[in-house]
Every structure is written in structure tokens, then in C-alpha cells.
Visitor: 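Pasting in a structure now, in C-alpha cells, and then I'll have a few things to ask.
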Amino acid sequence: MIRLYHVTKNYKETRTKALNDLTCHVRKGEMVYLTGPSGAGKTTFLRMIYAAEYPTAGQVLVSGRNIAKLKESSIPYLRRNIGVVFQDFKLLNGRTVFENVALTLEVLELPLKQIARRVHDALGQVGMHAKAGALPRELSGGEQQRAALARAIVGDPAILLADEPTGNLDPDMSHEIIMLIKDINLRGTTIVLATHDPALLAKHPRRVITLKRGRLIGDKALGPLQREYSTETDFLNETDAWKNR
Amino acid sequence: MKQMLGRIASFFYRALANMRQEGLAAFLTLVVVMISFLILGAYITFGLNVSNFIRHFAGHVQVVFYLDSDVTGSQISDLTRALGTEKDVVEVTYIPRDQAIARLKRDLAEAMDFLVGLEDIQAPASLEVELGVDFHTRPDLRSMIERYSQAPGVESVDAGDEFSDAFARLIAGLWASGIVIAIFLMFSAVFIVANTVRLTIVRHKDEIDNMRLVGATNAFVKTPFLIEGIIVGSLGAAAALSLLYLIYKFIVFPFVANAPAMSLLSGFTPEFPSLLISFAQVFFGALIGFFGAQISVGRYLKTE
């Protein structure tokens with residue numbers, strides 16, 4: 001679903017290397033944590049998947065599309081297949097929850113009736129039906145993140161990217177949000193969740209990709225799988241085995 | 001079809017909502033566009049009327065070929081025939097000597113008291129050649145006059161050159177300066193519309209970013225801003241035309257209509273630009289709005 005081959009990303013302005021020869025693969029339907037300290041390159045990794053950044057070197061393949069070679073006019077069609085949630089929610093303050101969620105479908109220019117039905121479904125999925133008419137400022141942090149989740153999934157994307165979705169939330173709220181994300185994953189959506197909250201990884205174990213200064217320093221499955229890809233070769237062997245299944 | 005109309009309605013709704021939110025800026029832009037078009041429209045109207053004024057006079061100005069006192073009948077008929085075949089010559093009239101004298105006496109009737117002793121006033125026979133209304137722009141007029149001034153029986157030529165040349169220069173100057181003013185005004189208008197739309201874009205930055213994040217195409221993001229530019233541009237131009245029409249109807253027309261009978265304006269009716277020119281101005285306003293908006297939104301989408 002998502003493949004990175006020897007991806008390097010340099011920022012000329014700050015002369016920093018956000019990603020350094022990174023190779024990894026996220027399979028369809030997987031839920032993967034992307035972790036590492038601040039400045040490890042997690043956000044750049046995610047931004048590359050939805051073509052907000054282009055690699056300086058290497059290849060990024062998302063659902064078979066090569067991001068490095070993607071035409072600007074094709075980016076919107078890639079993004080329609082990807083939902084994104086952020087730590088700061090990025091909801092539009094002047095719009096109600098319903099309108100925020102509906103925006104995703106408005107850009108698809110769907111009929112109003114269909115938009116209304118799908119927005120109600122998405123809000124129901126995240127337990128925000130009752131707050132459809134509320135403005136973001138009238139909501140708690142957890143509710144805002146639920147609304148943001150509804151906005152990300154209402155278009156039924158194949159991939160959900162979450163950049164520190166629990167960063168602004170207390171542990172109980174974080175738990176609720178992760179449960180919702182896991183639920184979304186169970187419905188078949190591939191999820192990449194960036195976090196540096198170890199409690200989250202321990203409580204909801206999944207495969208963890210660890211970055212440090214833009215390099216891949218670990219790729220292991222926590223919890224019942226208990227597998228660890230200690231080296232890049234291990235990881236590549238595993239992905240080949242997966243492909244040959 | 002229904003879906004297409006729904007899309008268009010949704011774009012207009014977003015454009016009007018943007019304008020409502022940026023009420024003052026949108027209004028000021030509209031006023032600036034209106035002032036630009038008012039100046040341009042006034043210039044067009046002025047130029048048009050000066051042209052008409054000259055044409056009005058040109059109808060009465062003739063090239064007069066004064067004939068020798070010993071000109072023969074056959075020379076007169078040869079000249080009349082030859083001049084009649086020239087391009088833009090409407091009519092050639094032979095004025096015999098007696099008629100010329102009578103006309104001169106009639107024209108000078110009021111001044112005759114001062115012309116005591118000149119009862120034996122003399123005037124040569126002539127051929128009065130009336131030319132087409134655009135004669136003053138004809139480059140070969142001078143060569144035609146030179147050719148006939150050498151013809152047998154012709155003594156001299158009065159072409160009213162100074163009059164027509166001066167007006168031709170005036171018209172050319174008017175149009176040239178009009179073009180310079182128009183270009184300057186239009187650039188200003190585009191710049192101002194671009195800045196207003198930029199304000200709207202800055203205000204809606206989060207919305208645009210969200211739209212792009214969830215897969216909006218550039219056309220989807222751009223269209224309401226382009227519509228906003230078109231509305232501001234065309235409304236500004238239309239308001240300018242309306243104001244100009246009111247000025248024309250209540251100030252210019254009464255002024256000319258009440259001009260003294262002997263004044264230069266006597267018999268001249270000022271004209272307002274045709275409906276086609278008016279529509280062209282509104283269309284031009286819309287075009288300016290479109291380009292202004294395109295500059296801003298295009299630049300934003302390129303850099304973000």
C-alpha cells in the first residue's frame with residue numbers, strides 16, 4: 001500500500017536532512033505506529049504519503065502511484081484516497097461539525113442528499129451525531145478530534161494518516177481516539193499513526209517503525225506478534241515473503 | 001445538467017459569501033474599478049463626440065477649385081467629370097462667377113455697411129467638391145489636390161487643410177492618450193482586484209488548505225475567487241457606465257441643447273457610446289476582475 005525505497009528528503013532552507021535513505025513498506029490493511037523523538041522525520045514521512053512533500057531522492061509509492069513522478073493535477077485524486085488527522089485538529093472554526101465533515105464530500109461535488117447521508121454515517125461512527133450542529137470552539141479536545149476523524153473517514157479512504165492525534169488529549173480521551181482508529185482499521189483502512197507516546201504503544205500494541213534523525217532505526221511488531229526486524233535486510237526479506245504469500 | 005447547475009450555484013454561493021465577509025474591501029475595490037471605468041468611459045465618450053463633431057463639420061467643408069477667369073466650358077466639364085470619378089468625392093458643383101458673387105454678397109450682407117465702395121466685389125467661378133466624411137483621414141487627399149491644382153483652367157485650391165489637419169491631429173492625439181490612460185487604469189484596476197482577492201484568500205487560508213488536503217482540485221478552489229473578481233469587475237464597469245449616462249443625460253446634453261444658435265455646437269447632437277460599446281466595457285470589466293483574481297489565487301496555489 002505504502003512503499004518507501006531509499007527515500008531522502010533535504011530541506012535547502014534549513015540545510016536539514018529530514019529523511020535519510022529510508023526504506024520501509026506498509027501493507028494494505030495494516031495499522032502501523034511511526035515513532036521517534038521530535039525532529040525524527042515522522043511528519044515529513046506522512047506528508048510525503050499525501051504528496052505535500054516530494055522526496056529529494058528515492059521513491060515513494062502510494063497505492064501504486066509514484067509520488068516523485070506524480071503530476072500536480074493528479075495530487076487531488078491521490079488525496080481523495082487518504083484521510084489525514086492532526087494534533088491540532090485543523091477544523092474550520094466558522095463551520096459547524098457537520099459542515100467541517102461535509103467539506104470532504106463537497107470537493108467531490110456529490111449531490112447534497114448523498115453528502116448529508118454520508119456525513120451522518122461518519123458522525124455516527126465516531127459518536128458525534130449529537131454535536132453535528134456545534135462549532136469547534138464549543139467542543140472538548142476529544143470531541144474536536146472525533147470530528148476531525150469523521151472528516152478524514154467520510155470519504156471512505158483506503159489510508160488514514162494520523163499525526164500525533166492524541167498529542168493534545170488526556171489519557172482517557174487518547175484511549176477513546178485510539179479505539180476509534182483501531183475500529184476504522186478493522187474496517188480495512190490502512191493506518192499510519194505518528195506518535196511519541198510510549199504509553200500508547202504499550203496499551204495498543206502494533207507494528208512500530210522507529211525513526212531517528214531521518215533514519216530507520218527500528219521496525220518491529222509489538223504485542224502478540226513479538227517480531228522484530230532488527231536490520232533493513234530482515235525487513236526486506238519479510239516484505240518479500242509477504243508478497244510471495 | 002441539474003448537477004452542473006448545482007455546481008455553478010454552489011460556486012456563486014461561495015463567491016458571494018466571500019464578498020459578504022470582505023464587504024468593505026470588496027466595496028472599495030468596486031468603487032476603484034468604477035472610477036477607473038468612469039475615467040475611461042468619459043474618455044471614450046469625449047473621443048467619440050469629438051470625432052462626430054468633426055464629421056458634422058466635415059460634411060460642410062469642401063475642397064474648392066477656383067477657376068481662371070478665362071476658363072472654357074470644355075475645361076469645366078472635363079474637370080467636373082474627372083473629379084467626380086475620384087474616390088470619396090460625393091458631389092462636384094459648378095458655381096459660376098455670378099452665383100459666387102451673389103453668394104458672397106449675401107454672406108457679407110450684414111457687413112456691407114462697412115464695405116462701402118466695394119459694390120463691385122468680384123469672386124471667381126469655382127468647382128465645389130464635397131468629399132466623404134472620412135476625407136480628413138485620407139492620406140492621398142493632398143496628392144489629389146496637387147494633381148488638380150496643375151490642371152488647365154484651375155487658378156487655386158482651397159482645401160481647408162489647416163482645419164482638417166488640426167482636427168485629425170487632435171483626434172489622433174486624443175485616441176493615443178486615451179490608450180495610454182486606458183492601459184494605466186486597467187493595470188491599476190487589475191492590481192487592486194488582485195489585492196482584494198488576496199485579502200479574501202488570506203482570510204480563507206485554512207479553508208483552502210483543508211479543501212486541498214481532502215482532495216479539492218485547483219479549479220474547485222479557484223472558481224469562487226474568479227467569480228468574485230468577475231462580479232467586482234463587471235459591477236464596477238456597469239456602475240461607471242450608469243453614472244456616465246446620468247452625467248451625459250442631465251449635464252452634457254442640456255448644455256449642448258441650450259448652446260447659442262450661432263455657436264460651434266449649433267446643430268450638433270452629442271452621442272453616448274452605443275449599447276455594444278457599453279456591453280464591451282462591462283465585459284472588459286469582468287475580464288479585468290478575472291485576471292486580477294487569477295493572479296492572486298494562481299500565485300497562492302503555486303506557492304502553497
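No hydrogens, no waters, no symmetry mates; every other heavy atom, side chains included, goes into these values. Chain letters run A, B, ... following the sequence lines, proteins first and then strands; every chain starts at 1.
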Visitor: Which pair of heavy atoms, one from A/Val107 and one from B/Ala216, lies closest together, and at what distance?
Guide: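 Shortest heavy-atom separation between A/Val107 and B/Ala216 comes out as CG1-CB, 3.6 Å.
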Visitor: If you draw a 6.0 Å radius around NE2 in A/His196, do more than 12 non-hydrogen atoms from other residues or ligands fall strictly inside?
Guide: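 Counting neighbours around NE2 of A/His196, 12 or fewer heavy atoms of other residues, nucleotides or ligands fall under 6.0 Å, so no.
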Visitor: Using side chain to side chain contact (heavy atoms under 4.5 Å, CB included), reason through B/Val214 and A/Arg79 one step at a time and then give a plain yes or no.
Guide: CA-CA 6 Å; B/Val214 296; A/Arg79 289 183 182 169; over 6 Å; no
Visitor: Nearest 0.5 Å please: distance from the CG atom of B/Asp206 over to the CZ atom of A/Arg95.
Guide: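 Taking CG in B/Asp206 and CZ in A/Arg95, the distance rounds to 11.5 Å.
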Visitor: Could you grab the distance from atom CD of B/Glu207 to atom CG of A/Asn93, nearest 0.5 Å is fine?
Guide: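 Output value for this atom pair is 12.0 Å.
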Visitor: Are more than 12 heavy atoms from other residues, nucleotides or ligands located less than 6.0 Å from atom OH of B/Tyr248?
Guide: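 Yes - once you tally the heavy atoms of other residues, nucleotides and ligands closer than 6.0 Å, there are more than 12.
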Visitor: Kindly check if the number of other-residue, nucleotide or ligand heavy atoms within 6.0 Å of CG (B/Leu28) is above 12?
Guide: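 Correct, the count exceeds 12.
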Visitor: Flag the pair B/Leu213 / A/Phe86 as yes when at least one side-chain heavy-atom distance between them is below 4.5 Å, and no otherwise.
Guide: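 Sidechains of A/Phe86 and B/Leu213: in contact.
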Visitor: Would the number of heavy atoms belonging to other residues, nucleotides or ligands and lying under 6.0 Å from CZ of B/Phe184 be above 12?
Guide: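 No.
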Visitor: Inspect the surroundings of CZ in B/Phe283 and state if more than 12 heavy atoms from other residues, nucleotides or ligands are less than 6.0 Å away.
Guide: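 Atom CZ in B/Phe283 is not crowded, with 12 or fewer foreign heavy atoms closer than 6.0 Å.
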Visitor: So which atom in B/Met211 and which in A/Leu103 form the shortest heavy-atom distance, rounded to 0.1 Å?
Guide: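 Closest approach of B/Met211 to A/Leu103, heavy atoms only: CG-CD1, 3.9 Å.
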Visitor: In Å, rounded to the nearest 0.5 Å, how long is the span from CD1 of B/Ile208 to CG of A/Leu92?
Guide: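 Here the interatomic distance stands at 10.5 Å.
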Visitor: Would A/Arg151 and B/Asn210 count as a side chain to side chain contact (heavy atoms under 4.5 Å, CB included) if you check the C-alpha gap in whole Å, the side-chain angles of each, and the deciding distance to 0.1 Å?
Guide: CA-CA 10 Å; A/Arg151 183 185 60 193; B/Asn210 271 6; 3.1 Å; yes
Visitor: So does B/Lys249 have more than 12 non-hydrogen atoms from other groups sitting under 6.0 Å from NZ?
Guide: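 Not more than 12 within 6.0 Å, no.
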Visitor: Just wondering, do A/Glu72 and B/Leu301 contact through their side chains at under 4.5 Å, heavy atoms?
Guide: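 No; the side chains remain at least 4.5 Å from each other.
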